*Asks:* 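Can you keep this structure in mind? I'll have questions shortly.
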Amino acid sequence: MQRGLEIRRRSLRDAGVSKREVDVFWLVGERLRNREIAERLHLSERTVESHVSSLLRKLGLADRSSLIDAAQQMRVSSAALPLPMPLSSFVGRSEEVSELLDLVRRERLVTVIGPAGVGKTRLALQVAASSAGVPAILVDLATVTPGGNVERVFADALGMTAQGGPLRPQLLEAISAGEYWFLVDNCEHVAANATSLLTALLTRTTTLRILATSRGPLHIPGEVVYELMPLALPSPVGDHEELLSSPCGRLFVDRAGSSAPKFRLTTENSKDVVQLCVRLEGLPLAIELAASRIRAFSPREILDHLNDQLAALRQVDQDTPARYRTLREALQWSYELLDQKERILFERCSIFRAVFGYGTVLDTLCYPPFQPSEVAVLFPGLVDKSLISASRDGEYTEYRMLDSVRQFAFSLLVQRGESDFLQGHYARHLFHRAASLLQDLQGGDQIFALKWFNQNWIDVRSCMEWSLEHEHHELAWEFLAGVGTGWEILGAKGELFDWLDVLLKSGVPDGTLGVKAEITAAVLLDYQDTAQALVHAQRARKAATELGDEGSTALAEWSLGWVTKYEDQASATKHLRIADQLFLQLGDEWHHALVLETLGCAENDTESAVELLMQGAQLFGDLHDYVKRANCLWRMANRAIRDGTRANDARQWLDEAERLAYRTGNRHEQLHAELFRIRLDQYHTLDSEHGPRLDQLLNDFRILGDQRCMCRCLLSLGYESIHSGNFRSADRQLADSVRLAARQF
């Protein structure tokens, strides 16, 4: 286990692994044999065997099994957003996969273009999953409104927390220090903004590769455009065996078999299937929609229904290109085959912009005319009909509408006059659910809560934007202030500050919610503007005193201590002691632990600080809040390192902090543990061997928006530069640290 942690802490490049060995490393992680790897990489089997032996030696691993484990661990941790795993099989397109794999190895930007429903996304995901080397990071632009800003989606995919100010410079800085491969999906409705950002990213570094999907070229210099055509049509005079050899035929039979396992292609029905494929022009999504109806209709009946529907629609929309009409016709036809309640549920599901669970469907969409028992029958039918796609995440199934399907359904929801009501209904549900998870964030079920916020953030953003646009400010405050001090566990996100700015201009609510709003503003603004954070903490205290509510007063006193802990230790301690007494009277153990941590930060004496932080860490651990326990542990180590004492204890604290960080999947805490381990090493050796890793850590903390740890990285870099005699670099690094600290405080 310890060896696995060491492998995660250093990069393959630091271990001296060559680029070809990296390719072999990832393929070994996929459990391929040497012969299969040799075929994939066009090498001899003996050369692959030599690379595997070299990897074992360089990484200090005992056998192939441990090499597989290391590769799988690193692949999971290196991709900010894992690629989805569709439940249905990938049919056909083997030639296209091979061609694109070759292109993405040779070219920096490849754009797959084609009409809606042609299978661009599915093909791109298959290419990404089949490619050796650095795992792809998915950037799905489908959730961005037409013409909207795409930079936040890129930041989310990278796991970035904005520092304030424009995102683009931060993105450029983030990708400049490493090797990245982006799969940028659904560019067409934001083409101008996507083109501008991708051009800037590609210009900044030569190590970036991009595979994009769009309905047309992005017109970026150096772009290689790969036009994806509909599936090859079967011969109209061939028999059913020849039909099975065609991509269209195999896709129809595969999906029809999933819908109705007893379906068989016969001499009698094969001609109807051929005509269906021809009528649908080989468009994969349209074929899947048609095949999903095989449980209710024969191929001949499906063809008859489809012919009638196509004729009617073409009479009213002659100007739309044929292939675009085909998808819309298939969607409209499928929609017409639904009964009235199925149509309503289908339309309502379009409110979800990203993945959603069945529980959310029941909680959000189950109002008249539906009862839960009806939804339990209707919803699986929409999945069976390919109107909603399903994918598996561990033991749970997640659902999502393809964007073209969602837009079609949402337009019908608007026509029905239900969209505004449902958006508000969903926002209230989502915000209430987020606030209700505060106790889970604080240790009730922390891993679940962290995962929930990550998966639902796109819809949270959509609901917040709707709330602000329609001036439902109190609803928005209920979300922000409902999470409150839980943002200390979740961390800041760039749009939080934009939302907060709008809400503060509109004014805070009255009563207890207003106190929580002021406290939340103080917590968030402490990341960027301590002086402004102090103003809100003072307002919170005044409002809480007027209310006479002990819980509000305790939080307000804590917030005053929180924002002054580094600048005015005496004042901070006074407020924190008052807050602690109130929290203890209220039986609020989590906030008592938070006070202990804050007191430790404000304490000048190292032994006293460590004792307070240790008490906080113990209590957080008892409460199963592993994020905050890890946070206390590295703070303890930092105090010991700063004073040059208790080196063995510091190392043990950092070991545990790292284990907890990996347990929760908290990247920020993983980086904290690694940074302070380097600082501990620096205090016991004069060797200048950490520079490259510190440069990477500096970039990692920049992505997260942690300015304090950016200062620490620059100080450590300056320390190494001094001891290596590189005084010019030391002067620059230390000056940068001072400037960064001055901007922060």
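The shown structure was predicted, so the numbers you read here are calculated from the model rather than taken from an experiment.
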*Asks:* With sequence neighbours excluded, what pairs up with Arg93 under the salt bridge (charged side-chain N to carboxylate O under 4.0 Å, His left out) test?
*Replies:* Glu96
*Asks:* Does the Ser462 side chain pair with the main chain of Asp459, one donor and one acceptor, at a distance under 3.5 Å?
*Replies:* no
*Asks:* At their closest point, which heavy atom of Ala128 faces which heavy atom of Ala136, and how far apart are they?
*Replies:* CB-CB, 4.0 Å
*Asks:* Specify the closest pair of heavy atoms between Val483 and Leu438, including all atoms of both residues, with the distance to one decimal.
*Replies:* O-CD1, 3.4 Å
*Asks:* Nearest 0.5 Å, please: how far is CG in Leu671 from SG in Cys709?
*Replies:* 8.5 Å
*Asks:* Answer yes when Asp156 and Arg461 have at least one side-chain N-carboxylate O distance shorter than 4.0 Å, and no when they do not.
*Replies:* yes
*Asks:* Just verifying a value: how many Å separate His429 NE2 and Cys463 SG, rounded to the nearest 0.5 Å?
*Replies:* 9.0 Å
*Asks:* Where do Ala521 and Leu504 come nearest, in terms of heavy atoms and distance?
*Replies:* CB-CD2, 4.3 Å
*Asks:* Looking only at atom types and distance, does a side-chain atom of Arg348 sit under 3.5 Å from a main-chain N or O of Leu422, one as donor and one as acceptor?
*Replies:* no
*Asks:* With heavy-atom distances below 4.5 Å as the criterion, would you say the side chains of Gln455 and Glu398 are in contact?
*Replies:* yes
*Asks:* Yes or no on side chain to side chain contact (heavy atoms under 4.5 Å, CB included) for Leu534 and Thr530, after CA distance, side-chain angles and deciding distance?
*Replies:* CA-CA 6 Å; Leu534 178 59; Thr530 304; 5.7 Å; no
*Asks:* So do the side chains of Leu289 and Leu387 get within less than 4.5 Å of each other, counting heavy atoms only?
*Replies:* yes
*Asks:* Check each of Phe346, Tyr358, Tyr426 against Phe352 using the ring pair (Phe, Tyr, Trp, His ring centres under 6.0 Å) test, and report the only one that passes.
*Replies:* Tyr426
*Asks:* Is there a donor-acceptor pair closer than 3.5 Å between any side-chain N or O of Ser196 and the backbone N or O of Asn193?
*Replies:* no
*Asks:* Kindly write out the residues that satisfy salt bridge (charged side-chain N to carboxylate O under 4.0 Å, His left out) with Glu188, not counting sequence neighbours, or none if the list is empty.
*Replies:* Arg215
*Asks:* Please round to the nearest 0.5 Å and tell me the distance separating atom CG of Leu468 and atom NE2 of His473.
*Replies:* 6.0 Å
*Asks:* Short question: side chain of His189, backbone of Leu141 - any donor-acceptor pair under 3.5 Å?
*Replies:* yes
*Asks:* Is there a side chain to side chain contact (heavy atoms under 4.5 Å, CB included) between His470 and Asp420? Walk through the geometry before answering.
*Replies:* CA-CA 10 Å; His470 290 77; Asp420 266 352; 3.8 Å; yes
*Asks:* Report yes or no: do Asp140 and Asn186 form a side-chain donor-acceptor pair below 3.5 Å?
*Replies:* yes
*Asks:* Please work out which of the three classes, parallel, tilted or perpendicular, describes the rings of Phe356 and Tyr399, given edges at 30° and 60°.
*Replies:* tilted
*Asks:* What's the separation between atom CG in Leu172 and atom CG in Leu201, rounded to the nearest 0.5 Å?
*Replies:* 5.5 Å
*Asks:* Say whether, by atom type as modelled, one donor and one acceptor occur between the side chain of Thr199 and the main chain of Thr195 under 3.5 angstrom.
*Replies:* yes
*Asks:* For His425, what residues pass the ring-ring contact (aromatic ring centres under 6.0 Å, His included) criterion, not counting sequence neighbours?
*Replies:* Tyr367, Phe421
*Asks:* If you measure from CZ on Arg406 to CD1 on Ile351, what distance do you get to the nearest 0.5 Å?
*Replies:* 8.0 Å
*Asks:* So, the side chain of Thr364 versus the backbone of Val361: is there a donor-acceptor pair under 3.5 Å, distance only?
*Replies:* no
*Asks:* Does the pair Leu675 and Cys713 meet the rule for a side chain to side chain contact (heavy atoms under 4.5 Å, CB included), with working shown?
*Replies:* CA-CA 7 Å; Leu675 170 61; Cys713 288; 3.8 Å; yes
*Asks:* Is the shortest heavy-atom distance from the side chain of Ser350 to the side chain of Met401 under 4.5 Å?
*Replies:* yes
*Asks:* Over all heavy atoms of both residues, which pair between Gly216 and Thr111 is shortest? Give the atoms and the distance, please.
*Replies:* O-CG2, 4.3 Å
*Asks:* Does any non-hydrogen side-chain atom of Arg108 lie less than 4.5 Å from one of Ile210?
*Replies:* no
*Asks:* Quick one: does Leu109's side chain get under 4.5 Å of Val224's, heavy atoms only?
*Replies:* no
*Asks:* Decide yes or no for Leu158 and Ile175: does some side-chain heavy atom of the first lie under 4.5 Å from some side-chain heavy atom of the second?
*Replies:* yes
*Asks:* Determine the minimum heavy-atom distance between Ile113 and Lys120, stating which atoms define it.
*Replies:* C-CD, 3.7 Å
*Asks:* When you measure from the side chain of Asn456 to the backbone N and O of Trp452, does any donor-acceptor pair fall under 3.5 Å?
*Replies:* yes
*Asks:* Has the side chain of Glu223 got a donor or acceptor atom that lies under 3.5 Å from a matching backbone atom of Leu218?
*Replies:* yes
*Asks:* Using the rule given for side chain to side chain contact (heavy atoms under 4.5 Å, CB included), can you reason through Phe453 versus Val460, listing the C-alpha separation, both sets of side-chain angles and the distance that settles it, and then say yes or no?
*Replies:* CA-CA 9 Å; Phe453 274 94; Val460 165; 5.7 Å; no
*Asks:* Hey, are the side chains of Arg168 and Phe154 touching, using non-hydrogen atoms and a 4.5 Å cut-off?
*Replies:* no
*Asks:* Rounded to the nearest 0.5 Å, what's the gap from CZ on Arg712 to OG on Ser737? Could you check?
*Replies:* 10.5 Å
*Asks:* Can any side-chain N or O of Gln446 pair as donor or acceptor with the backbone N or O of Leu441 at less than 3.5 Å?
*Replies:* yes
*Asks:* Just to verify, which of Trp477, Trp466, Phe479 counts as forming a ring pair (Phe, Tyr, Trp, His ring centres under 6.0 Å) with Phe431?
*Replies:* Phe479
*Asks:* Which atom names give the shortest non-hydrogen contact between Ala124 and Thr213, and what distance separates them?
*Replies:* CB-CG2, 3.8 Å
*Asks:* Would you indicate whether the side-chain heavy atoms of Gln696 and Asn699 approach each other to under 4.5 Å?
*Replies:* yes
